[in-house]
Amino acid sequence: MGQSLPHSRGIHQGTPTMAAIIDSEVFLAFSTYATIVILKMMFMSFLTAYFRITRKAFANIEDVHTHMAKTPEEKKKMLRVNEDVERVRRCHLNDLENIIPFVLIGLLYTLTGPELSTALLHFRLFVGSRFVHTIVYVTSMPQPSRGLSWIVGIGAIVSMAYHVLNTVLRL
Amino acid sequence: MGQSLPHSRGIHQGTPTMAAIIDSEVFLAFSTYATIVILKMMFMSFLTAYFRITRKAFANIEDVHTHMAKTPEEKKKMLRVNEDVERVRRCHLNDLENIIPFVLIGLLYTLTGPELSTALLHFRLFVGSRFVHTIVYVTSMPQPSRGLSWIVGIGAIVSMAYHVLNTVLRL
Amino acid sequence: MGQSLPHSRGIHQGTPTMAAIIDSEVFLAFSTYATIVILKMMFMSFLTAYFRITRKAFANIEDVHTHMAKTPEEKKKMLRVNEDVERVRRCHLNDLENIIPFVLIGLLYTLTGPELSTALLHFRLFVGSRFVHTIVYVTSMPQPSRGLSWIVGIGAIVSMAYHVLNTVLRL
């Protein structure tokens with residue numbers, strides 16, 4: 001069915017049923033924003049690695065390269081806690097605590113068939129707020145900038161959750 | 001198709017295909033319980049903030065309000081580890097380690113088309129066990145109450161995972 | 001529809017629509033690999049408990065059994081940080097940071113209708129890399145074994161994310 005439509009796209013390679021699900025504009029938008037914000041979250045791993053190497057503060061003895069420290073005693077000295085590393089790790093954990101609920105509740109929200117414009121507003125507010133949150137956190141900007149960016153993201157999730165429960169509630 | 005049925009509900013605003021997916025009683029129940037337990041998990045962030053403020057134990061220097069500590073030295077003293085805060089944070093991390101697997105495996109389980117009564121049993125046991133787990137953890141109740149509530153949740157996930165693998169296994 | 005086909009299986013108990021979605025070979029493979037790798041992640045909780053008990057290093061005072069320590073002072077001594085426990089916990093957190101993005105992006109990737117052989121390559125590389133990662137991490141094998149197994153998993157996720165964005169991009 002889907003393959004013969006004039007607006008047929010690459011996503012119609014699957015079964016017609018799958019194409020029909022994913023063919024909704026809301027689902028396409030959700031997939032786009034969810035993928036982008038998950039990639040942003042995964043980027044935090046690389047930022048942690050960067051700070052661990054530049055600050056010479058490692059968590060595992062096998063991670064200390066031989067050209068940094070030769071003797072086991074020198075290596076052990078580099079198993080230390082560094083505030084810049086911990087800051088990035090807290091930011092990463094905060095991402096896990098917020099971005100994963102967004103993707104999971106956002107998926108259920110998308111399946112309830114919301115208006116495209118309302119859905120886009122939620123997705124854009126959330127994804128925007130998380131990029132701001134990361135920049136504010138990593139560069140230690142003064143409060144309430146981090147708190148505000150965090151609460152905007154929470155607000156978008158709670159609003160979608162309210163819409164889901166309002167639509168599907170079956171206890 | 002869905003819009004004209006007498007039991008038509010708000011969820012039928014989407015494409016007919018999406019309405020048909022989400023129109024299953026199991027999917028409605030899953031969406032309800034998944035949303036509730038994710039909201040419960042997100043509530044832990046607010047509990048952490050509450051304990052950080054009342055215990056005056058912060059992780060970031062910019063989080064210490066000026067009316068709490070004026071000089072930088074006073075502020076630095078409030079960057080400390082507090083056992084009540086750490087307890088809530090461990091509880092939150094335990095939620096991430098258990099609630100997210102529940103939602104992901106629960107979604108796959110729901111799509112295999114289980115009996116409604118069996119599915120409801122799994123969803124209710126899991127969500128109930130996590131509310132008990134949080135109360136027991138935060139109020140430091142004696143063991144084995146926390147261990148038991150944790151293992152009931154694990155049992156519900158493993159049982160659903162077994163059902164999924166039994167139905168779809170394709171390596 | 002699905003129930004009458006000769007290759008009808010247990011998954012056709014649901015609504016025809018759900019059966020049709022899950023009836024794709026890619027979706028069956030995704031469900032299998034996602035379930036296995038989530039179970040592997042959940043296993044880390046048991047490994048943490050094992051190391052906490054054998055190393056006598058607990059996080060909560062109520063977790064110290066009376067036959068291990070009788071007086072409150074003895075119990076408090078067992079609230080300590082142990083390197084073996086911390087290593088397993090870091091491995092578990094790394095699982096959360098990588099396996100959950102795999103399942104979420106893998107689900108969106110599956111819905112775009114990729115070739116079965118390409119999809120299987122991504123799923124197998126990722127799941128294989130995470131089992132190697134855990135063994136290498138817990139047994140403290142020298143680098144770059146852990147780094148390599150981690151980057152293979154990241155590569156599989158980024159490749160699927162690229163495919164999703166290439167197919168569905170709607171900003």
Side-chain angles (χ1 to χ4, degrees), chain A residues 2 9-46 48-49 58-66 79 89 92-93 95-97 99-100 102-104 106-107 116 119-120 123-124 127, chain C residues 1-2 16-27 83 86-87 89-91 93-94 96-98 100-105 107-116 136-137 139-147 150-151 153-154 157-158 160-171:
Chain A
R9 303 171 67 227
I11 51 166
H12 289 164
Q13 289 159 3
T15 67
T17 311
M18 281 211 281
I21 304 163
I22 212 171
D23 204 14
S24 117
E25 286 293 319
V26 178
F27 201 93
L28 293 173
F30 170 70
S31 300
T32 303
Y33 285 101
T35 302
I36 287 170
V37 81
I38 293 171
L39 288 177
K40 178 243 144 304
M41 179 171 82
M42 291 173 64
F43 170 72
M44 301 311 288
S45 295
F46 291 90
T48 303
F58 298 92
N60 303 293
I61 192 127
E62 69 266 25
D63 298 353
V64 187
H65 285 261
T66 311
L79 298 183
R89 292 184 66 218
H92 196 171
L93 188 59
D95 270 359
L96 283 170
E97 293 167 2
I99 289 176
I100 297 162
F102 165 76
V103 178
L104 296 174
L107 178 65
L116 179 61
L120 280 175
F123 301 160
R124 285 174 184 160
V127 174
Chain C
M1 160 194 159
T17 311
M18 281 211 281
I21 304 163
I22 212 170
D23 203 14
S24 118
E25 286 294 317
V26 178
F27 200 94
E83 180 45 33
E86 294 308 305
R87 183 173 279 275
R89 292 184 66 220
R90 286 195 298 270
C91 186
L93 187 59
N94 195 279
L96 284 169
E97 293 166 2
N98 288 276
I100 297 162
F102 165 76
V103 178
L104 296 174
I105 289 188
L107 177 66
L108 299 176
Y109 170 75
T110 298
L111 292 175
T112 63
E115 285 287 322
L116 179 61
V136 164
Y137 209 152
T139 62
S140 311
M141 283 187 201
Q143 289 281 25
S145 47
R146 198 180 88 242
W150 172 74
I151 206 76
I154 297 268
I157 300 175
V158 169
M160 292 193 299
Y162 174 80
H163 183 89
V164 170
L165 289 181
N166 209 29
T167 313
V168 306
L169 191 67
R170 295 285 166 100
L171 278 171

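Given the structure is predicted, the values throughout are model-derived calculations rather than measurements. Within every chain, numbering begins at 1; the chains are lettered A, B, ... in the order of the sequence lines, protein sequences first and strands thereafter.
Within the 4.5 Å cutoff, side-chain heavy atoms of Lys40(A) are placed close to those of Asp95(A). By the 4.5 Å heavy-atom criterion applied to side chains, Glu25(A) and Leu120(A) are not counted as neighbours.
Neither the backbone nor the side chain of Met160(C) comes within contact range of chain A; no heavy atoms are under 4.5 Å apart. When heavy atoms are compared at a cutoff of 4.5 Å, His65(A) does not approach chain C at all. Within the 4.5 angstrom heavy-atom criterion, only side-chain atoms of Glu83(C), from C-beta onward, approach chain A. Neither the backbone nor the side chain of Ala49(A) comes within less than 4.5 Å of any heavy atom of chain C. In this structure, the portion of Ile151(C) lying under 4.5 Å from any heavy atom of chain A is its side chain and not its backbone. Of the two parts of Met44(A), neither the backbone nor the side chain holds a non-hydrogen atom closer than 4.5 Å to a non-hydrogen atom of chain C. No part of Phe123(A) comes within reach of chain C, as not one of its non-hydrogen atoms sits under 4.5 angstrom from that chain. With a 4.5 angstrom heavy-atom cutoff, Leu93(A) touches chain C only via side-chain atoms.
The choice from Ile154(C), Asn98(C), Leu96(C), Leu107(C) that makes the most heavy-atom pairs within less than 4.5 Å of chain A is Ile154(C). With respect to chain A, the highest number of heavy-atom pairs below 4.5 Å among Val158(C), Asn94(C), Leu104(C) belongs to Leu104(C). Contact count against chain A (heavy-atom pairs under 4.5 Å) is highest for Leu165(C) among Val164(C), Ile100(C), Leu165(C). Between chain C and the residues Asn60(A), Leu39(A), Val127(A), Thr35(A), the largest count of heavy-atom pairs under 4.5 Å involves Asn60(A).
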Please report the C-alpha distance between Tyr109(C) and Thr167(C) in whole Å, then the side-chain angles of each, then the deciding distance to 0.1 Å, and finally whether the side chain to side chain contact (heavy atoms under 4.5 Å, CB included) criterion is met.
-> CA-CA 9 Å; Tyr109(C) 170 75; Thr167(C) 313; over 6 Å; no

From CA spacing to verdict: side chain to side chain contact (heavy atoms under 4.5 Å, CB included), Val168(C), Phe27(A) = CA-CA 9 Å; Val168(C) 306; Phe27(A) 201 93; over 6 Å; no

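Of all non-hydrogen atoms in Glu97(C) and Ser45(A), the two that sit nearest each other are OE1-OG, 4.0 Å.
In this pair, Phe102(A) and Phe30(A) present their aromatic rings tilted. The plane angle is within the 30 to 60° band.
With hydrogens and angles disregarded, a donor-acceptor distance shorter than 3.5 Å links the side chain of Arg87(C) to the backbone of Tyr137(C).
Distance check, rounded to the nearest 0.5 Å: OG1 of Thr112(C) to CG of Leu28(A) gives 11.0 Å.
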